[in-house]
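Below: one structure, written as structure tokens.
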Amino acid sequence: MEQKKKILLVEDDNTLASVYQQRLILEGFDVRHAENGEDALSIAVDYTPDLVLLDIMMPKLDGFDVLDILRNTPSTRNVHVIMLTALGQPKDVERAKSLGADDFLIKSQVVIGDVVEHIKQQLGGAAEAEETAAAAE
């Protein structure tokens, strides 16, 4: 049996986090939730997620700082990170990309289904393409 992909959801809005968490579990992911940047970092080290869905504006440590620390920590350096935020200024997108974000989504411009697709793209990429090619033969 294939092991579930692990997602760390970092979101300080508990209502929004609950909606995302329920949907991701329905999609077959193992999900942990952190309400702030400090908790996110400690969970990331113990949980070793395959992907972090990361808000920017949060208490204690913001998402930019969390991303920077994740990228500079050997055990989390290669974790996929999707920024999911209300911030949408070009400077915010540029900063996230320069710090190593794999993707940047603006909350007001996506629905949960879009977010799930972006997660699957980040986690599935090459393996999905190989399966599709094998099925076509």
Side-chain angles (χ1 to χ4, degrees):
M1 183 174 134
E2 189 178 325
Q3 189 163 346
K4 289 182 178 184
K5 294 287 187 181
K6 298 189 287 185
I7 295 178
L8 174 56
L9 172 63
V10 187
E11 172 61 62
D12 61 328
D13 178 334
N14 284 323
T15 303
L16 185 61
S18 177
V19 170
Y20 273 94
Q21 192 165 7
Q22 290 173 17
R23 174 65 184 268
L24 292 169
I25 290 168
L26 282 172
E27 293 286 340
F29 296 107
D30 181 39
V31 183
R32 298 271 172 90
H33 172 231
E35 294 181 27
N36 63 64
E38 284 182 4
D39 290 350
L41 291 171
S42 63
I43 292 170
V45 170
D46 294 336
Y47 180 57
T48 59
D50 297 293
L51 183 139
V52 177
L53 197 56
L54 182 60
D55 190 10
I56 292 176
M57 296 183 297
M58 294 182 300
K60 299 189 180 180
L61 276 178
D62 72 23
F64 291 126
D65 291 336
V66 172
L67 175 59
D68 191 32
I69 293 167
L70 288 173
R71 289 294 181 243
N72 287 293
T73 302
S75 63
T76 58
R77 180 174 290 133
N78 297 316
V79 171
H80 296 276
V81 177
I82 297 177
M83 306 302 283
L84 180 63
T85 180
L87 299 179
Q89 296 298 316
K91 67 178 176 52
D92 299 319
V93 178
E94 185 57 40
R95 183 170 178 204
K97 294 287 187 182
S98 72
L99 289 170
D102 295 296
D103 206 345
F104 191 99
L105 303 174
I106 301 166
K107 290 177 183 175
S108 64
Q109 297 177 2
V110 293
V111 295
I112 194 165
D114 298 332
V115 176
V116 170
E117 284 308 308
H118 280 261
I119 290 170
K120 288 180 177 179
Q121 287 171 359
Q122 287 296 324
L123 295 177
E128 243 173 50
E130 288 173 17
E131 286 174 23
T132 306
E137 290 177 3

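Because only heavy atoms are used, hydrogens play no part in the values below, and waters and symmetry mates are left out as well, while side chains stay in. All figures in this text were calculated on a predicted structure; none of them were measured in a lab.
Applying the side chain to side chain donor-acceptor pair (under 3.5 Å) test to residues at least two apart or on different chains, the pairs with a partner in residues 27-38 are Arg23-Glu27, Glu27-Lys120, Asp30-Tyr47, Asn36-Asp39. Within the structure, salt bridge (charged side-chain N to carboxylate O under 4.0 Å, His left out) contacts touching residues 65-86 (residues at least two apart or in different chains) are Arg71-Asp102.
Residues Met57 and Asp62 have side chains not in contact (no heavy-atom distance under 4.5 Å, counting atoms from C-beta outward). A heavy-atom distance below 4.5 Å is not found between the side chains of Phe29 and Lys4. The shortest distance between side-chain heavy atoms of Ile119 and Leu24 falls below 4.5 Å. A 4.5 Å side-chain heavy-atom check between Leu51 and Leu8 finds every atom pair outside the cut-off. Using a 4.5 Å cut-off on side-chain heavy atoms (C-beta onward), Leu70 and Val81 make contact.
The CG atom of Leu54 sits 10.0 Å away from the CZ atom of Phe104 when rounded to the nearest 0.5 Å. Distance check, rounded to the nearest 0.5 Å: OG1 of Thr15 to CG of Asp13 gives 5.0 Å. To the nearest 0.5 Å, atom CG of residue Asp12 and atom CD1 of residue Ile56 are 12.0 Å apart.
Donor-acceptor pairing under 3.5 Å is lacking for the side chains of Glu94 and Ser98.
Contacts of Thr48 classified as side chain to side chain donor-acceptor pair (under 3.5 Å), with partners at least two apart in sequence or in another chain: Lys6. Thr73 is linked by a side chain to side chain contact (heavy atoms under 4.5 Å, CB included) to Ile69, Ser75, Thr76, counting only residues two or more places apart in sequence or in another chain. Annotation: side chain to side chain contact (heavy atoms under 4.5 Å, CB included) contacts of Ala101 (sequence neighbours excluded): Leu67, Met83, Ala96. For Gln89, the side chain to side chain contact (heavy atoms under 4.5 Å, CB included) partners at least two apart in sequence or on another chain are Lys91, Asp92. With sequence neighbours excluded, the residues satisfying side chain to side chain contact (heavy atoms under 4.5 Å, CB included) with Val110 are Leu84, Leu105, Asp114, Val115. Shown here are the salt bridge (Lys or Arg N to Asp or Glu O under 4.0 Å) partners of Lys107, two or more places apart in sequence or in another chain: Glu11, Asp55.
Residues Pro49 and Ala44 share a closest heavy-atom pair of CD-O, 3.4 Å. In this structure, Gly63 and Met58 approach most closely via the heavy-atom pair N-CE, 3.8 Å. Nearest heavy-atom pair across Ala86 and Ile106 is O-CG2, 4.2 Å.
Of the residues Lys97, Gln121, His118, the one that meets the side-chain hydrogen bond (donor to acceptor under 3.5 Å, both in side chains) test with Asp103 is His118.
Val93 is connected to Val52 through a chain of hydrophobic side-chain contacts under 4.5 Å among Ile, Leu, Val, Met, Phe, Trp and Tyr, so both are in one cluster. Leu53 and Val10 are not part of a single hydrophobic cluster, where members link through side-chain heavy atoms under 4.5 Å apart. Val45 and Ile43 are not part of a single hydrophobic cluster, where members link through side-chain heavy atoms under 4.5 Å apart. Note: the hydrophobic cluster containing Ile82 also contains Ile112 (ILVMFWY, side chain heavy atoms under 4.5 Å, direct or indirect links).
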**OP:** Evaluate the side-chain contact (heavy atoms from CB on, under 4.5 Å) criterion for residues Asp50 and Val79: first the C-alpha distance (whole Å), next the side-chain angles of each, then the deciding distance (0.1 Å), finally the verdict.
**Re:** CA-CA 6 Å; Asp50 297 293; Val79 171; over 6 Å; no
